[in-house]
Each structure stands twice: as C-alpha cells, then as structure tokens.
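Notes follow once the structure below has been shown.
Here is the naming used below: chain letters follow the sequence lines, and residue numbers restart at 1 for every chain. The basis for the numbers below is simple: all heavy atoms, side chains too, and nothing from hydrogens, waters or symmetry mates.
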Number of protein chains: 2
Amino acid sequence: MDVRRLDLLRELAERGSVTAVAEATGRTPSAVSQQLKVLEREAGAPLTERSGRGIVLTSAGHALARSAADVAIALARADAVWDEFRNDPSGEVTLLTFPTIGATMLPAVLTELQQVPGLVVRATDFDPELAEFAELTADYDIVLAHTMPGVLPWGGRGLRVVPLLTEPLDIGLPATHRLAGRSHLTASDLVEETWLGVPPGFPFERILHAIEQQGGRRVEIAQRFSDMRIVEAFIQAGFGVAFVPRYTSGTLPPELVLKPLRGVPSARQIVALVRPDVAERLAVRTVLDVLVAKAAELGAGGAGAGA
Amino acid sequence: MDVRRLDLLRELAERGSVTAVAEATGRTPSAVSQQLKVLEREAGAPLTERSGRGIVLTSAGHALARSAADVAIALARADAVWDEFRNDPSGEVTLLTFPTIGATMLPAVLTELQQVPGLVVRATDFDPELAEFAELTADYDIVLAHTMPGVLPWGGRGLRVVPLLTEPLDIGLPATHRLAGRSHLTASDLVEETWLGVPPGFPFERILHAIEQQGGRRVEIAQRFSDMRIVEAFIQAGFGVAFVPRYTSGTLPPELVLKPLRGVPSARQIVALVRPDVAERLAVRTVLDVLVAKAAELGAGGAGAGA
DNA sequence: ACATCCATGTAGCGATGCTACATCGTCAGT
DNA sequence: ACTGACGATGTAGCATCGCTACATGGATGT
C-alpha cells in the first residue's frame, strides 16, 4: 500500500473525478488513472467503477479512502511536530475569505503574522454565492465561512470547524429614517419597510422569513445584493433597510445607523473551515490562532461600541 | 517528508546502526545512508551524528523518529481496516516463543489458525537467556515473553504488552520425597533443600531470594539449567527440587509431583510483546486473539487440575 | 601498526512515474 | 441519429529516483 497512491485515492474521494485530481496535483489524467490502477491491483479489489462519462468510488474505494485520510492526518501531524520541534512554522498557508471579514479582520491578522519568520499567507477573496464552502477546503488550507448559528452543513464532511465569531446582524437605516432614534427594533417595526435583500438561498433570508412570520405579513424586497458595500450605499440613498453585520462592516458613514433587532435571533456564525489533515500543520494552526484572537478582539471591541 | 524515508529513520531509532537497518530492510548500507541523508536535507536539520564507529540519533532525530512511528501505525491501521473490509487477514505473521509455552500452547493455537484462509504463521523458538525480549520485536511480529508480575521492563519502550497468562510456579519434587505428601509447601520447608536453579539473571531467581529471606538462610543451588526438560529429569533423579511452571510443563511423569508454594508469591507473567504498528494488522490481531483464548483455557483447565 | 568495522561517498543501472498522444465510451445539442 | 466535447484509459518513450557495487575514510581494539 503506497502512501502516494492512497493520497491520490483520497483526493479522488474528495474531488470526484480523475481529471480534477490530476489538475489539483499537477499531473495528467493518464498518470492518475495509472496509479489508481496500480493501487487497485495492490488492494486486490475494484475501487472505482464507471458511471456515465466519469467514475465513482465503490464502497471498498470509500473505505480505503477513509483510511487514506487518517494516514494523511498522521503524516501531517508528523510535519507539525517537526515544525514545532524546530519552532519554525514552515510553508505557505492559503486562505480564502468572503469580502466583509476580509476587509475588516484580515489586515490586522496578516500584519501580526508578518512577525512569524518563514510563514507566508496567501489570501484570496471569493464571491460567497459562487460555490459551496466545503468544496473549497480541497483547494485552500483555510476557508472563512459564515452561516446561521445551529446550522452547520459541513459538520458531516469530516471538516474541522473553528468558530471565530458570533456576529449580530443589525438593521441598517438611513440616519434620517423614522426609526433611527430607537434604541432597538422589533419585527413589527420592520414588516412595513422596504428591504434590501440578498440573492435567494443566502443564509440571511431565514431571518427575514422569521420577521415576516412574527410581523404577520410579507415584506417587500426591492433589490437583492450580495456585496455589502452596495447594500450600504443603497441604504444611505434611502432605497430601503437591510441587515448589516455589526462588526465586519468597517467604519460606517454617519448617514447610516445600525439598530439591534429584538425578538428575532439575528446573528451569523463566522467560522474557519479546515480539512483535518491540513489542520495539523503548525503553520496553519498559527494562522488559525491569530484569526481566533483577532476575532475575539473584534467581538469584544465591537460589542462595546455597539452597546 | 517521504514516508519510506521516515520509516527508515524509525528503523534506525530501533536498531541503532545503519548496517542493521540495511540488513533488516534488505538493502545495502550505502542505500540507507543515502536515503537518510536526503531525509536530513528535507528536514533541514541534522538527524544523526557520528559516535565512534557508528552513529546516534540527535534529539531532533529522535523527535522525528517518534512521529515516524505514528505514521507507521496509521499506515498499518489502514492495512488493517482494509483487511477487515475484505474480511481476509492477509500476510504472514512471525512469532517467537520460548520453549515451554511453545510446547504446550502453540500446537493448539496453530491448529486453530489453520482454519483462517490466507493466514500463515511462522513460529520459531529461541533460548530465552540469549537476548532481550524487546529487541526481538524488531524482527518478529509477536514475541512471547515471560517475566515476574509487576516487573514489566518493556513498558517504556512503547511496545504493546498483551497479557496471556499468570502462571503459578510450583515446586517440583520427586514422588519419593519427604515433602511429597504435603498439600502445599512454605519457605521454611524449602530452605533445607538442595535446589536446581536457573542461570544467573533469570527471573525465577527473585523467588528463590524471597524464600531465602523468609526461611532465614541461604539455599544450596546444585545445578543451573534453563531448559525445563533437563530440570525435570534432574528432579526425578533426586538431584534437588526446583520451580516448575504449573501449566506449561505438559504431561509430567508420575515420578514427579508439583506442590504449590504458600507464603511467597511465585508466579510468572506470560505476555505477548508486539510493536504498536504491527499490532494494528488484522492478521496479527487474529493470532493474538487465539493466543489469549488458548491461554485462558489453559489457565482454567490447568487451575482445575492443579487445585 | 594492522586488521576490522562502520558510515559514506561515486558511478552506473534498472524500476518507476510521468508526459504526450491515441482510443473508446458517454452525453448534449442540433 | 449525427456530431462534438468530455472524461477515462491505454501505449510509447523519457527522466528521475533508489538501488548495487565498489572505493574511501575515520574509529576501535588487538
């Protein structure tokens, strides 16, 4: 049982196609196919079977891939122990962030991490509507994701979920709005309003449904945006009200005020998603530690300012 | 960090010399040396240093070797899971036994294991005086060892110790002996006797010391043998009394009787020693299971006959 | 001082794993 | 149904890697 081949099988289990594995590992599909064939011969049982144009793992293949993941973890742990021994987190950590938190927290995080010699963080942002967070852990070491509390759709995938922040979602209003003087708002205040929503399927939607249910009528959603900058601009321009995350919106212009929502739980959970094997790496753990610390600062400081 | 190289380092940690690793893995010392050099380059720190003619691991080397052992375990576990999945314990299990238990238990064990298709057990016996039990786990999958209860000198080595049997050590007497009618014996009965001992350093010696201490005088040791057959013959011939393991002596001739010793704890612990990574293999675990079961039978049946 | 033992260099060879290219089966669009 | 695209898999050839054989050098003990 060669480890490199087992690792290929693990990748196949995650990515689902020979071609995808080949791209991810920088090889030709032919090479991957050959190696899988050899592994199959070594294992003594078919690991894949054809399904349409592609292939799927057999149950045997899944079983072996699971073990392969454990081996990958042990190997990564060996690396981590070694890094710790040398006290030198080595290598590059790739990080994927959604825009709001990327703008708010990441600069401070990366600044702090510059202190660590030999550690290179390569961060990218992405459109959260585009793809599933979990899929992306195959390509990035750390994926910053957000979801509603209680809903953790990626727990079953065997991913490590590191909670960073529970961020209240306040209601953003123009400073001139009739409700702008209130200390807080309720569902009945808000069902009358025109809303700026998110594209269908986004987690924020659930809260809006809760407001509708509690307020007794449907709200009007005038526009749908995923980018917070646009939403803020539209709030200011008087096109409606919207959920605005309390901490990760940066400095808001004075024309825009945030009011907490009462009676309806409105918060989003911000977490870091990591594959268990990459979570073993010291470099990755170092980045995670700083992320957690900065998120805590943000939560404490932001809560103080918000209260 | 290549796994094959890590494994070589693990072997080096166990065997202590490049030449020994080369022999054990069927390579030339040059090949081993080269691979270790590459690993050292990859690791970025010296792993070995010269010590006289040979080499020793640096502390860094030890740290990495430890992780390498964990990787070996994960890899072996993958094999085991796979074997279990196919429900087919594959491969060969090598077993090293000391003579007494080899004669008593092993035939039944191997008979039972013949039922298992595809499992080959290769057993060898050895002179227990020759070498340290623990060292031998590098060359054999399972090493049957015996020691006094409470004394487990191989616990610290990271070996898995599977207890098989706590075997009382009775006193063997000629049937014509003045004490042969007793139901049991005490230390004061025995300090007067001429003894057949074991070579110096053998575990049985401790019990004899306890008898001397409790009986108030030193006993006379006429001969020293390690082989039980010889001891039994000498007992019958009237040359003295000796410790005889209760269960593992096979069928004794009627000229020889066994009497339990009271007042002095006299038993030996029979255990199986296994390296943790090989302990993961299903084939090895299968053999261990049968060993434990047969030892339990022997203990139950032998205790019934002895009481 | 000499023979011995152990680790380690060097040259060369063979196995292994890759790429490039070809082939075959499946699916979607017209 | 035909066709083009896609995905997996064969085949030939090439580069790299790990091995052996042999030589070297330092440490040991007689």
Report task. Salt-bridge test for B:Arg77 and B:Asp277: reply yes if a basic N is under 4.0 Å from a carboxylate O, no otherwise. Result -> no
Return the value, rounded to whole Å, for the distance between atom [atom1] of [X] and atom [atom2] of [N].
| X | N | atom1 | atom2 | result |
| --- | --- | --- | --- | --- |
| A:Leu12 | D:dT9 | CG | C1' | 14 Å |
| A:Leu47 | D:dA8 | CG | P | 15 Å |
| B:Gln35 | C:dG9 | CD | P | 13 Å |
| B:Arg53 | D:dT30 | CZ | C1' | 11 Å |
| B:Arg15 | C:dA7 | CZ | C1' | 18 Å |
| A:Arg41 | D:dT9 | CZ | P | 15 Å |
| A:Lys37 | C:dG17 | NZ | P | 16 Å |
| B:Ile55 | D:dA27 | CD1 | P | 15 Å |

[X] near the nucleic acid: base, sugar-phosphate alone, or nothing, with a heavy-atom cut-off under 4.0 Å?
| X | result |
| --- | --- |
| B:Gln34 | base |
| A:Gly26 | sugar-phosphate |
| B:Thr19 | sugar-phosphate |

Query raised in the report: So which nucleotide from C:dA7, C:dT10, C:dT19 ends up closest to the side chain of A:Arg27?
Result: C:dT19
Query raised in the report: Of the candidate nucleotides D:dG18, D:dG25, C:dG9, which contains the atom at the shortest distance from the side chain of B:Arg50?
Result: D:dG25
Requested in this report: Indicate whether OP1 or OP2 belonging to D:dC17 is found under 4.0 Å from a side-chain N or O atom of B:Arg5.
Outcome: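 Result: no.
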Query - Distance, nearest 0.5 Å, that separates CG of A:Leu119 from CG of A:Asp83 - result: 10.0 Å
Report task. List the atom of B:Ala283, the atom of B:Pro89, and the distance in Å for their closest heavy-atom pair. Result ->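 The pair with the smallest heavy-atom distance is CA-CB, 3.7 Å.
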Requested in this report: Would you mind telling me which residue lines up with the more 5' stretch of DNA chain C, A:Gly52 or A:Pro29, judged by nearest nucleotide?
Outcome: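 The residue whose closest nucleotide sits nearer the 5' end is A:Pro29.
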Examine the base of [N] for any acceptor or donor lying under 3.5 Å from a partner atom in the side chain of [X], and report the outcome as yes or no.
| X | N | answer |
| --- | --- | --- |
| B:Thr48 | C:dA7 | no |
| B:Thr28 | D:dA21 | no |
| B:Ser33 | C:dG9 | no |

Query raised in the report: Under 3.5 Å, is there a donor-acceptor pair linking the side chains of B:Thr19 and B:Glu23?
Result: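 Their side chains do not contain a donor-acceptor pair, so the 3.5 Å distance test is not met.
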Requested in this report: Go through the side-chain N and O atoms of A:Arg268 and A:Thr100 and say whether any donor and acceptor fall under 3.5 Å apart.
Outcome: yes
Query - Residue whose nearest DNA chain D nucleotide is more 5′ - B:Val38 or A:Leu36 - result: A:Leu36
